[in-house]
Amino acid sequence: MLKSHSCGELNRKHIGNQVTLAGWVDRRRDHGGLIFIDLRDREGVVQVVFNPETSAKSCQLANGMRNEYVVRVSGQVAPRPPGTENPRLATGEIEVIAHSTEILNKSKTPPFYINEEVEVDESLRFKYRYLDLRRNRMKANLILRHRVVKFIRDFLDKKGFIEVETPVLIKSTPEGARDYLVPSRLQPGKFYALPQSPQQLKQLLMVAGVEKYFQIARCFRDEDTRADRQPEFTQLDIEMSFAEEEDIINLMEELFVSMVRAVKPEIKVQKPFPRIAYAEAMARFGTDKPDLRFGLEIKDLSDIVTQSEFAVFRNALAEGGRVKGICAPGCAGYSRGQLEELNRLARENGAEGLVTIALGTSGGSLGKLTMDEVKSVAAKYLRLDQIKQIAECLSANAGDLLLIVAGKTKVVDNVLGELRQEMGYRLKLADPAQLVFAFITDFPLFAWGEEVGRWEPMHHPFTAPKEADVPLLDSAPEKARSRHYDLVCNGCEIAGGSIRIHNSRLQRKVFRLLGYTDEEVEERFGHLLKAFDYGAPPHGGIAPGLDRVVMLLAGEETIREVIAFPKNQGAADLTFDAPATVSEEQLTELHLRLRDE
RNA sequence: GGCCCCGUGGUGUAGCGGACUAACAUGCCACCCUGUCACGGUGGAGAUCAGGGGUUCAAAUCCCCUCGGGGUCGCCA
């Protein structure tokens with residue numbers, strides 16, 4: 001090695017040692033004669049002193065150094081002169097007195113700051129990702145991700161799981177997300193597909209008797225990106241034979257709580273994780289991935305306003321809809337503009353509008369509220385006692401702002417869910433140093449596909465129905481609940497899993513219900529069904545999105561910040577400039593011709 | 001495909017019809033400086049205001065189109 005120590009590891013215990021360091025120039029302070037270099041490597045930064053009286057040669061070299069030059073320095077670790085220690089630096093008690101110096105490589109001036117935490121245009125960062133990753137924040141994220149993966153491997157190993165790799169070149173299954181295709185050279189006109197997830201492969205491993213499987217698996221979906229979605233992403237894929245819901249849920253609770261405590265002990269986390277039925281989550285939070293760090297729960301006001309004169313409410317109820325609301329504490333003083341913003345948010349999410357009721361504060365308590373202090377378009381259609389009932393239902397106090405939406409249940413829930421999230425954010429109700437996990441259970445097995453005019457799986461067709469609901473497959477499929485469970489955290493869906501169907505007859509029945517012909521089933525899922533006929537054990541599993549988990553732990557807003565070389569919204573890699581055109585020869589070999597469009 | 005936001009020296013921002021010959025910070029270059037640590041000081045270079053078109057006596061600023069980036073809906077079995 002060109003170095004004997006890391007820059008960041010040095011401390012007072014090394015005083016007197018001869019060390020050789022190698023790293024990047026983080027900063028140079030030239031005092032005309034005496035020169036200080038902050039030398040940085042992965043482990044941290046240490047101050048190197050170049051003194052012309054110690055080594056004129058070194059000093060001369062240091063004179064020519066610039067940021068990001070790669071240099072090697074040999075010298076002696078020395079205590080800093082009294083009064084010049086830097087408590088803000090981990091190595092601030094000592095410094096290295098350079099005796100001999102070598103410039104290993106020069107550097108152009110970087111296109112953005114490496115040594116400062118400033119926002120830089122993301123495309124520029126992606127173009128120079130190798131420089132971006134030198135920055136502390138990105139380096140910390142890479143290390144965190146490593147620790148998470150290491151923890152997972154050790155944890156699951158101790159629990160008796162074995163890691164098995166599954167193929168990346170596999171077969172297209174046109175249902176679900178759009179596949180990434182890879183043309184076959186050896187078989188003209190045929191294509192592999194990259195896996196959307198190793199779902200069927202891990203089920204086959206259960207038939208194979210692996211019993212406890214996991215994989216840090218790369219998955220590919222050719223769909224539009226989001227802050228938490230990339231064309232390629234990583235799942236922690238887990239599957240267990242002879243497992244029931246409790247087994248998976250308990251395993252996840254233990255894994256996540258112990259992981260957080262190990263890699264981010266400053267983050268608050270608790271188990272057991274609450275379990276909330278899908279219908280209840282929708283009713284209370286307007287979403288199946290609620291942020292449980294704060295309340296602001298949705299309440300149904302239909303019964304209270306059913307007698308009101310307010311046409312908006314009456315019409316919604318007459319058409320079979322509901323009237324629901326949330327309470328924004330302390331927001332009665334919201335300006336016209338602020339209210340208009342909330343109204344716009346409601347409309348953008350499908351509501352006809354938003355009814356706000358501001359409760360004045362001069363009375364001090366709700367009991368003393370008078371109509372003079374109620375500000376709302378609905379005020380003249382509502383009686384004071386109705387307003388008080390609404391306020392009471394929403395646990396409101398004087399000075400609060402009530403946000404009420406009327407319409408179809410689905411729209412009302414969705415809009416209030418968004419408003420709840422928005423108000424939670426505005427009022428800073430979500431503690432950034434806390435992770436609140438929860439399991440969402442009792443999902444419907446199917447959802448009616450409006451455009452296609454048939455039943456579609458709420459998650460995927462391998463999800464087992466609840467034992468008691470199996471008869472409903474024939475009579476009322478919409479009522480059948482599944483053995484699926486989602487793990488959510490801070491408003492983010494971080495894992496989905498289920499107990500699977502392991503019986504080929506039941507699996508065929510589900511496929512038929514989903515509208516597949518026998519030929520289609522054979523063509524697409526024949527391998528799985530055949531396997532089920534050879535002693536498939538009952539099994540189930542779960543697949544946390546690793547990128548999202550690390551994102552939450554890192555406190556980042558997008559998974560791009562925890563992926564070394566992510567793609568942008570246009571699914572392009574700006575470092576490599578991928579995707580790119582290929583040569584005519586390559587196309588010919590693959591039996592491909594490009595269409596004119 | 002829809003909707004929303006953004007695009008000004010290398011970087012981050014200000015300017016939002018006239019006094020802009022485009023400001024500030026930092027970075028960069030040169031010189032000075034032996035205890036700094038976001039060192040300090042003096043001087044200097046650096047911008048087709050994303051591109052195109054229009055409105056206007058006058059456009060970085062208003063309007064339209066295009067391009068690029070981000071958020072989101074659709075989509076993500």
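This structure is a prediction, so every number in the text was calculated from the model and none was measured. Proteins come first, then strands; the chains are lettered A, B, ... in the order of their sequence lines, and each starts at number 1.
No hydrogens or angles were tested; on distance alone, a donor-acceptor pair under 3.5 Å links the side chain of Gln47(A) to the base of rU36(B). One donor-acceptor pair, N or O on each side, does fall under 3.5 Å between the base of rC76(B) and the side chain of Arg229(A). The base of rG7(B) lies outside donor-acceptor range of the side chain of Asp121(A), with no N or O pair under 3.5 Å. In the interface, the side chain of Asn86(A) is paired with the base of rC37(B) through a donor and an acceptor atom under 3.5 Å apart. Under 3.5 Å, the side chain of Glu95(A) and the base of rG35(B) form at least one donor-acceptor pair of N or O atoms. Taking only distance into account, the side chain of Arg27(A) never meets the base of rG27(B) through a donor-acceptor pair shorter than 3.5 Å. One can find a donor-acceptor pair under 3.5 Å joining the base of rC37(B) and the side-chain atoms of Arg80(A).
Atom name C1', nucleotides rC39(B) and rG27(B): the rounded distance is 16 Å, in whole Å. As rounded to the nearest Å, rA50(B) and rU13(B) have P atoms that lie 14 Å from one another. If you take atom C1' in rC6(B) and the same atom in rA60(B), they sit 15 Å apart, rounded to whole Å. Using C1' as the reference atom, rC20(B) and rU11(B) are 22 Å apart when rounded to the nearest Å. Nucleotides rC31(B) and rC24(B), compared at atom P, are 25 Å apart to the nearest Å. Taking atom C1' on both rA22(B) and rC49(B), the two are 8 Å apart, rounded to the nearest angstrom. rC63(B) and rC16(B) are spaced 15 Å apart, taking the P atom of each and rounding to whole Å. Rounded to whole Å, the separation between the P atoms of rU48(B) and rC3(B) comes to 32 Å.
A distance cut-off of 5.5 Å between ring centres, combined with a plane angle under 30°, leaves His31(A) outside any stacking arrangement with the base of rC33(B).
Using a 4.0 Å heavy-atom criterion, one finds that Glu122(A) contacts the sugar-phosphate atoms exclusively. Base engagement by Pro81(A) is indicated by at least one non-hydrogen atom pair under 4.0 Å involving a base atom. Nucleic acid contact for Arg226(A): base, since at least one base atom lies under 4.0 Å from a heavy atom of the residue. No engagement by Glu456(A) is indicated, since no non-hydrogen atom pair under 4.0 Å with the nucleic acid exists. Using a 4.0 Å heavy-atom criterion, one finds that Glu85(A) contacts the bases of the nucleic acid, with or without backbone contacts as well.
Within a 6.0 Å sphere centred on CZ of Phe576(A), other residues, nucleotides and ligands contribute 12 heavy atoms or fewer.
Between Asp224(A) and Arg226(A) there is no salt bridge, since no side-chain N of the basic residue sits under 4.0 Å from a carboxylate O of the acidic one. Remark: Asp132(A) engages Arg135(A) in a salt bridge, criterion side-chain N to carboxylate O under 4.0 Å.
In this structure, rC3(B) and rG71(B) make a Watson-Crick or G-U wobble pair, each of the two defining distances being under 3.5 angstrom. When Watson-Crick and G-U wobble pairs are counted only if both distances are under 3.5 Å, rA23(B) pairs with rU13(B).
If you take NZ of Lys410(A) and C1' of rG74(B), they are 13 Å apart, rounded to a whole angstrom. Atom CD of Glu348(A) is separated from atom P of rC73(B) by 11 Å (rounded to the nearest Å). Atoms CZ (Arg500(A)) and P (rA77(B)) sit 14 Å apart, rounded to a whole Å. Taking atom CG on Leu345(A) and atom P on rC5(B), their separation rounds to 14 Å, with Å as the unit. Atom C1' of nucleotide rA38(B) and atom CG of Asp30(A) are separated by 16 Å, given to the nearest angstrom. For the pair Asn67(A) CG and rC37(B) P, the interatomic distance rounds to 16 Å; values are reported in whole Å. For the pair Arg454(A) CZ and rA77(B) P, the interatomic distance rounds to 14 Å; values are reported in whole Å. At whole-Å resolution of the value, CD in Glu116(A) and P in rC28(B) are 10 Å apart.
Between Arg125(A) and the phosphate of rU11(B), there is no side-chain N or O to OP1/OP2 separation shorter than 4.0 Å. In this model, the phosphate group of rC39(B) is approached by a side-chain N or O of Arg29(A) to a distance below 4.0 Å at OP1 or OP2.
Here the side chain of Arg72(A) pairs no donor or acceptor atom with the backbone of Gly23(A) at under 3.5 angstrom.
Comparing Leu124(A) and Arg66(A), the nucleotide of RNA chain B nearest to each residue sits closer to the 5' end for Leu124(A). Toward the 5′ end of RNA chain B lies the nearest nucleotide of Arg88(A), the other residue of the pair Ala227(A) and Arg88(A) mapping further downstream.
Of all nucleotides listed (rG69(B), rG35(B), rU72(B)), rG35(B) comes nearest to the side chain of Phe36(A). Distances were taken from every side-chain heavy atom of Thr84(A) (C-beta onward) to each of rG35(B), rG10(B), rA77(B); the shortest belongs to rG35(B). Comparing atom distances between the Asp224(A) side chain and each of rG35(B), rG10(B), rC73(B) picks out rC73(B) as nearest. Nearest nucleotide to the Asn568(A) side chain, out of rG70(B), rC33(B), rC73(B): rG70(B).
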Could you walk me through whether Met551(A) and Glu561(A) pass side-chain contact (heavy atoms from CB on, under 4.5 Å), step by step? CA-CA 7 Å; Met551(A) 173 184 84; Glu561(A) 302 294 354; over 6 Å; no
Starting from the C-alpha separation in whole Å, work towards a yes-or-no answer on salt bridge (charged side-chain N to carboxylate O under 4.0 Å, His left out) for Glu341(A) and Arg336(A). CA-CA 9 Å; Glu341(A) 263 179 47; Arg336(A) 247 184 127 79; over 6 Å; no
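When ring centroids are compared, His502(A) and Phe532(A) stay outside the 6.0 Å threshold. For Phe462(A) and Phe525(A), the ring centers are positioned less than 6.0 Å apart.
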